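First listed ligand is number 1; within each ligand, the first listed atom is number 1. Because the structure is predicted, anything quoted here is derived from the model rather than measured.
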Amino acid sequence: MKVIKYLTNLGYGSRREVTEMVKHRRVTRTDGSTVRGADAFAHSELLVDGKPLDVAPGTVIMLHKPVGYVCSTKDATRLIYELLPPRFTARSPVMAPVGRLDRDTSGLLLITDDGKINHRLTSPKAHMPKVYDVQLASDLRGDEGGIFASGTLMLDGEPTALRPAELEVLGARAARVTVTEGRYHQVRRMFAAVGNRVEGLHRRSIGRLLLGDLPQGAWREVNAHELVLLGVSTFGDGHTG
Ligand code: URA
């Protein structure tokens, strides 16, 4: 791919704007040489105004989503994109969340512009385990684990029962739940179905990938080893133009 299209797709400007940037030598290599429109290049060696490019096409990032942010490109309130580089919504394809977390849920959110990876992680057939820490309004009764594990729990307005889910009791009003589906407000509705109310919800892992100690509101690239943990390794794909 030519550098102008490449940078346009990464959200650096319109085709015309990026052409001007190249003409005015704002696009360089790490060795200081100027890049011209038809030159071959590698993502990692390009600089715009002396700064490295945003993440390469096909990258997966993890965000520690704070409570109060919405997984959408359009909303009146705070969007997860406010926590990310401003060019992310201007990219083609766009950097899109892998599934969603509610506004009031915090924790691990994956974001990628790779539609195949996104589909592999969210496909209902993937049965990808997602682990949530839950704070409850009322004490656990003791029968919730059995009900969640039964594979017969029906949520209001849904035609099929939930797949079995695991419950680990962490305290009178605290639990860790593992689900392998991504139904709308699933964890909140599961506890509503057993007469309780979720007051705090935090996703700590997806598959074998843990959020770890990434601070709230921060993001970082998911590395090659972690892609293997997620079962979506693209090892061998190059990011060159
Ligand atoms: N279940 C919910 O209820 N909300 C989320 O954000 C994720 C799972």
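- For the pair R197 and F191, the cation does not sit on the ring face, since its NZ or CZ is not both under 6.0 Å from the ring centre and inside 45° of the axis.
- Pairs passing the ring-ring contact (aromatic ring centres under 6.0 Å, His included) check and including a residue from residues 91-112, sequence neighbours excluded, do not occur.
- Cluster annotation: L47 and M21 are assigned to distinct hydrophobic clusters (Ile/Leu/Val/Met/Phe/Trp/Tyr, side-chain heavy-atom contacts under 4.5 Å, transitive).
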Please list, one pair per line, the donor and acceptor atoms closer than 3.5 Å that link side chains of residues 94-105 to other protein atoms, with sequence neighbours excluded.
| residue | atom | partner | partner atom | Å |
| --- | --- | --- | --- | --- |
| R100 | NH1 | C71 | O | 2.5 |
| D102 | OD1 | H185 | NE2 | 3.3 |
| D102 | OD2 | R188 | NE | 2.7 |
| R103 | NH1 | T77 | OG1 | 2.9 |
| T105 | OG1 | R188 | NH2 | 2.8 |

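- Contacts of ligand 1 (protein heavy-atom distance under 4.0 Å) are L101, D102, T105, Y132, H185, Q186, V187, R188, L201.
- For Y6 and F41, the distance between ring centers is under 6.0 angstrom.
- Within the structure, salt bridge (Lys or Arg N to Asp or Glu O under 4.0 Å) pairs that include any residue of residues 206-225 comprise R220-E226 (at least two apart or interchain).
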